[in-house]
There are 2 protein chains.
Amino acid sequence: MEMEKASVICKLFGDKTRLTIMKILDSQDCCVCELVEIFQVSQPSISQHLRKLRDIGLVKEERRGQWIFYAMNKQHEAYAFVQTILVNLPDQDDKLKELEEKGIRITCC
Amino acid sequence: MEMEKASVICKLFGDKTRLTIMKILDSQDCCVCELVEIFQVSQPSISQHLRKLRDIGLVKEERRGQWIFYAMNKQHEAYAFVQTILVNLPDQDDKLKELEEKGIRITCC
DNA sequence: TAATCATATAAGCATATGCTTATATTTTCA
DNA sequence: TGAAAATATAAGCATATGCTTATATGATTA
């Protein structure tokens, strides 16, 4: 892991929303509307965060019908580095579980 | 490691100069003038980076005569987290070795 | 095929960041 | 004690960042 690349990744992880998105995607794929619901922030804001993560290839997108799902890119050269960071972070599964309970997960995706 | 705290640390590590400073301090204490020499940047710039790292307690300072040495704060609650990041980074010992060879390390500290 | 839904992009704005120069503070030493 | 060295702080500036609203695009469905 080069200094330059490591600092770029850390900078991306320096935003709490993005860091949390990464932790969520680490355990399961997720579509944009779910993230919007979770973070209670505008849809463009989430799209912009995802774009930054995608621009350096940390996540990949995949259209599934009407929705676009984002997923961790396990082929990324820095994937191992990313993991060493993410494993230290608290599980975020409750966030998606909440959506399910509210029925939003079903409706939306 | 809480999300909030992790993202604060990542943000600090998101600057290449600061990340490198941390990696250097991880292997040995260092005074400000050495870092100025290494990074070829103004002295206030280095001081400001160090201040940010010190403000959240990641590093500590200690006056030794005319100089102020900075060192890793191993007592920091996030020290383990910091280590998981730093161990992935390339050794920066050559930077200080260069200073020694140029005789700057001696002169200054 | 037109309306709707999900997402992306553009534009604008307030705040944050990192650097520089200028200056203050503290210590050392002739 | 006064000059010099090491460091910190202040101020100013250009650029980056993250958010919002408005709008464009692409897929679905009535």
Side-chain angles (χ1 to χ4, degrees), chain A residues 3-4 7-22 24-25 29-56 58-71 99 103-109, chain B residues 3-4 7-22 24-25 29-56 58-71 99 103-109:
Chain A
M3 269 322 188
E4 180 64 35
S7 69
V8 167
I9 289 173
C10 285
K11 182 175 233 168
L12 283 174
F13 286 16
D15 178 274
K16 193 181 168 189
T17 300
R18 274 196 302 266
L19 186 61
T20 309
I21 287 175
M22 286 298 285
I24 290 173
L25 294 184
D29 299 358
C30 203
C31 75
V32 181
C33 56
E34 289 175 310
L35 296 171
V36 170
E37 188 65 31
I38 288 170
F39 293 101
Q40 292 292 307
V41 79
S42 73
Q43 173 266 315
S45 180
I46 294 296
S47 273
Q48 286 156 12
H49 283 307
L50 289 170
R51 189 179 212 300
K52 289 184 183 186
L53 294 171
R54 203 190 50 197
D55 277 352
I56 67 161
L58 285 186
V59 303
K60 51 188 180 178
E61 63 165 27
E62 176 194 307
R63 181 173 281 276
R64 294 188 202 162
Q66 194 167 3
W67 300 281
I68 292 179
F69 274 74
Y70 279 82
L99 289 193
I104 297 172
R105 193 123 211 242
I106 320 295
T107 307
C108 159
C109 313
Chain B
M3 270 319 187
E4 179 64 37
S7 69
V8 167
I9 288 172
C10 285
K11 182 175 233 168
L12 283 174
F13 286 15
D15 178 274
K16 194 180 167 188
T17 300
R18 273 195 303 265
L19 185 61
T20 309
I21 287 175
M22 286 299 284
I24 290 173
L25 294 184
D29 299 358
C30 203
C31 75
V32 180
C33 56
E34 288 176 310
L35 296 171
V36 170
E37 188 65 30
I38 288 170
F39 292 101
Q40 293 292 306
V41 79
S42 73
Q43 173 265 316
S45 180
I46 295 295
S47 272
Q48 286 156 12
H49 282 308
L50 289 169
R51 190 179 212 299
K52 289 185 183 185
L53 294 172
R54 202 190 51 199
D55 277 352
I56 67 161
L58 285 187
V59 304
K60 52 189 180 178
E61 63 165 29
E62 176 194 307
R63 182 174 280 278
R64 293 188 202 163
Q66 194 167 3
W67 300 282
I68 293 180
F69 274 74
Y70 279 83
L99 289 192
I104 297 172
R105 190 123 211 242
I106 320 294
T107 307
C108 159
C109 312

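In what follows, chains are A, B, ... by sequence order, proteins preceding strands, each numbered from 1.
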D:dA8 phosphate, OP1 or OP2, under 4.0 Å from B:Arg51 side-chain N/O: no

Spacing of B:Arg51 atom CZ and B:Glu61 atom CD [to the nearest 0.5 Å]: 9.5 Å

Rounded distance in Å - CD1 (B:Ile46) to P (C:dG18): 12 Å

Closest to the B:Asp15 side chain, choosing from C:dA8, D:dA8, C:dG18: C:dG18

Interatomic spacing from CG in A:Asp15 to NZ in A:Lys52 - rounded to 0.5 Å: 8.0 Å

Residues B:Tyr70, B:Ile46; criterion side-chain contact (heavy atoms from CB on, under 4.5 Å); working and verdict: CA-CA 12 Å; B:Tyr70 279 83; B:Ile46 295 295; over 6 Å; no

Earlier contact from the 5' end, DNA chain C, for A:Leu50 and B:His49: A:Leu50

Rounded distance (Å) that lies between atom P of C:dA6 and atom CG of A:Leu35: 14 Å

Shortest non-hydrogen contact from B:Val8 toward B:Ile56: CG1-CD1, 4.2 Å

Shortest non-hydrogen contact from A:Val59 toward A:Arg54: O-CG, 3.5 Å

d(CD1, A:Ile21; P, D:dC19) in whole Å: 9 Å

A:Asp55 CG to D:dA16 P, straight-line distance once rounded to whole Å: 15 Å

Secondary structure of DNA chain D in dot-bracket form (Watson-Crick or G-U wobble, distances below 3.5 Å, | marking inter-strand pairs): ||||||||||||||||||||||||||||||

Sugar-phosphate, base or nothing in reach of A:Lys52, heavy atoms under 4.0 Å: sugar-phosphate

From CA spacing to verdict: side-chain contact (heavy atoms from CB on, under 4.5 Å), B:Ile38, B:Ile24: CA-CA 11 Å; B:Ile38 288 170; B:Ile24 290 173; 4.1 Å; yes

A:Leu19 versus B:Met3, closest heavy-atom pair with distance: CD2-O, 3.9 Å

With 3.5 Å as the limit, what N/O pairs link the protein to nucleotides 20-22 of chain C?
unit_1	atom_1	unit_2	atom_2	d
C:dT20	OP2	B:Ser42	N	3.2
C:dT20	OP2	B:Ser42	OG	2.6
C:dT20	O4	B:Gln48	NE2	3.0

Interatomic distance, B:Arg18 CZ vs C:dA16 P [rounded to whole Å]: 15 Å

Reported CG-to-CZ distance for the pair A:Leu53 and A:Phe13, which is rounded to 0.5 angstrom: 7.0 Å

I'd like a table of atom pairs between the protein and nucleotides 26-30 of chain C - only N or O on both sides, under 3.5 Å - with the distance next to each one.
none

Closest non-hydrogen atom pair between B:Gln43 and B:Val36, with its separation: CA-CG2, 3.6 Å

Nearest non-hydrogen partners of B:Cys30 and B:Leu35, listed with the distance: SG-CD2, 3.8 Å

Length of the line joining A:Glu61:CD and D:dA27:C1', which is rounded to integer Å: 14 Å

A:Glu37 CD to C:dT7 P, straight-line distance once rounded to whole Å: 12 Å

Steps toward salt bridge (charged side-chain N to carboxylate O under 4.0 Å, His left out) verdict (B:Asp29, B:Arg64): CA-CA 11 Å; B:Asp29 299 358; B:Arg64 293 188 202 163; 2.9 Å; yes

OP1 or OP2 of C:dA16 under 4.0 Å from side-chain N/O of B:Lys11: no

N or O in side chain of A:Tyr70 less than 4.0 angstrom from C:dA6 OP1/OP2: no

For atom CD1 of A:Ile68 and atom C1' of D:dT25, their distance in whole Å: 10 Å

Sugar-phosphate only, base, or nothing, as touched by A:Phe39 at under 4.0 Å among non-hydrogen atoms: nothing

Closest contact, heavy atoms only, B:Arg18 versus B:Lys11: NH2-O, 3.8 Å

